[in-house]
Amino acid sequence: MSQRYAGHDSIKRCGVWQMIVASLFVASICGCGRQSAASPASNALAPERAATHPEHIAQQSEAAFGSSQALNLPASSIPVDHSSTTPLTVPELVKLSGKPCETAPTGLKCLSEGFDFELSPDCAKSGYYAGVRNPAGASLLNGVPPHDTVERAVLPQGQLVCVQVVARPGKHPAYLFVTAIPAAKIEACPGCGKYGERKVAWRARRIPSSCVEIAAGRYEGGCAMGWVDSNDMELMGTLK
């Protein structure tokens, strides 16, 4: 009898262990189900974080440097060899003005579709000066319209400029590549008494320093350079 009861007791214990193992197995399955159910939610959050992260970086960049347009158009990126103290050359001027020519310069001239370009690296030598006469100012553009009409700055009425490239669709100038002349060089323009250095309204980031002429036609520092509509300007000297 004792052996029979002992065997029966063993069977009962075995059954209990089987029930425990089965319960653990079911619990593990439920746990996996809960984990799997939670996974889509966590995965759904990941794209949202990924989407907002670049936006956050862009906002930080704009807060530090201004708009993305301004970042793409820093006036300080104008390619001038600031280490040189020799007069500005024709090839440098072509590069400086955004390479408007489609033909290689011949002397002080080059051509592109719709325009003849007259180059004057040293505006003083040619007497190429102009002043902003438009009460609303003159938009300083990144390139010759209509190809590039992004505004670098607005030159106020009364600003004197050195004209280094003249774009003519015919006989008369249409657009001028100019540099706003710093106060120290105003006397270089005879008969320009009503014009001088004014406060430029910048639309793009610039070097926070004064504009100076380090050689004939070669400027460095926070200089306002770009293309203006000749209708906003009064042409002076020999510029007609």
Side-chain angles (χ1 to χ4, degrees), residues 65-80 88 90-103 105 108-121 123 126 128-182 195 197-208 211 213 217-236 239-240:
F65 301 113
S67 69
S68 57
Q69 184 182 71
L71 278 173
N72 293 332
L73 296 169
S76 58
S77 70
I78 294 174
V80 182
L88 193 70
V90 167
E92 284 180 317
L93 177 56
V94 170
K95 185 178 180 181
L96 181 68
S97 58
K99 300 179 181 179
C101 307
E102 292 181 356
T103 65
L108 295 175
K109 295 183 181 296
C110 64
L111 305 174
S112 73
E113 183 179 357
F115 290 107
D116 296 338
F117 292 97
E118 186 176 355
L119 309 167
S120 177
C123 61
S126 302
Y128 278 12
Y129 292 98
V132 180
R133 66 180 178 184
N134 187 345
S139 291
L140 198 64
L141 305 179
N142 200 47
V144 182
H147 303 294
D148 192 342
T149 56
V150 178
E151 192 177 63
R152 286 186 179 277
V154 175
L155 300 179
Q157 184 181 29
Q159 176 66 55
L160 181 66
V161 299
C162 164
V163 180
Q164 294 176 288
V165 185
V166 182
R168 304 176 191 268
K171 182 178 179 181
H172 300 289
Y175 297 100
L176 313 171
F177 180 77
V178 304
T179 300
I181 295 180
Y195 294 104
E197 185 178 29
R198 305 289 188 265
K199 185 174 177 59
V200 175
W202 287 91
R203 301 289 186 263
R205 188 165 40 133
R206 64 182 284 261
I207 296 175
C211 179
E213 187 181 34
R218 190 185 296 279
Y219 295 88
E220 73 171 7
C223 303
M225 299 179 179
W227 290 89
V228 296
D229 190 324
S230 65
N231 291 324
D232 295 329
M233 314 298 290
E234 179 183 355
L235 308 183
M236 293 175 286
L239 178 57
K240 303 297 181 186

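All residue numbers refer to positions in the sequence shown, counting from 1. A quick note: this is a predicted structure, and the numbers were derived from the prediction, not measured.
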_Non-hydrogen atoms of Phe115 and Ala167 that approach each other most closely_ = CD2-CB, 3.8 Å

*Can you name the nearest heavy-atom pair linking Ala130 to Leu235, along with the distance?*
CB-CD2, 4.1 Å

*CZ/Arg168 to CG/Asp116 distance, rounded to the nearest 0.5 angstrom?*
9.0 Å

*What's the shortest heavy-atom distance between Val154 and Val200, and which atoms?*
O-CG1, 3.7 Å

_If you define the side chain from C-beta out and look only at heavy atoms, does anything of Val228 sit under 4.5 Å from Val161?_
no

*Hey, does Lys109 have a side-chain heavy atom less than 4.5 Å from the side chain of Glu118?*
yes

*How many angstroms lie between atom CG of Leu119 and atom CG of Leu96, to the nearest 0.5 angstrom?*
11.0 Å

*For the residue pair Arg198 and Leu155, establish whether any side-chain heavy-atom pair is separated by less than 4.5 Å.*
no

N/O donor to acceptor pairs below 3.5 angstrom from side-chain atoms of residues 172-181, sequence neighbours left out:
{"unit_1": "Thr179", "atom_1": "OG1", "unit_2": "Gln164", "atom_2": "OE1", "d": "3.0"}

_Can you tell me how far apart CD (Glu213) and CZ (Arg218) are? Round to the nearest 0.5 Å._
10.5 Å

_Qualifying side-chain hydrogen bond (donor to acceptor under 3.5 Å, both in side chains) pairs, either residue in residues 223-233, two or more places apart_ = Asn134-Asp232, Asp229-Asn231

*Looking only at heavy atoms, what is the nearest atom pair of Ser120 and Tyr128, with distance?*
CB-CD2, 3.7 Å

*Please examine the side chains of Tyr219 and Pro182, heavy atoms only from C-beta on, and report whether any two atoms are closer than 4.5 Å.*
yes

*Heavy-atom side-chain proximity of Met236 to Leu160 below 4.5 angstrom*: yes

_Least distance between heavy atoms, Ala138 atom then Met233 atom_ = CB-SD, 3.9 Å

*Any donor-acceptor N/O pair, Ser139 side chain to Glu151 backbone, under 3.5 Å*: no

*Ignoring hydrogens and geometry, is there a side-chain-to-backbone donor-acceptor pair from Ser97 to Leu93 under 3.5 Å?*
yes

*Please report the shortest heavy-atom distance between Ser112 and Pro100, naming the atom on each side.*
CB-O, 3.3 Å

*Please walk me through it: do Val90 and Leu108 pass side chain to side chain contact (heavy atoms under 4.5 Å, CB included)?*
CA-CA 7 Å; Val90 167; Leu108 295 175; 3.6 Å; yes

*side chain to side chain contact (heavy atoms under 4.5 Å, CB included) between Arg133 and Tyr195, worked out*: CA-CA 9 Å; Arg133 66 180 178 184; Tyr195 294 104; 4.0 Å; yes

*Is Lys240 atom NZ crowded by more than 12 heavy atoms from other residues, nucleotides or ligands, each under 6.0 Å away?*
yes

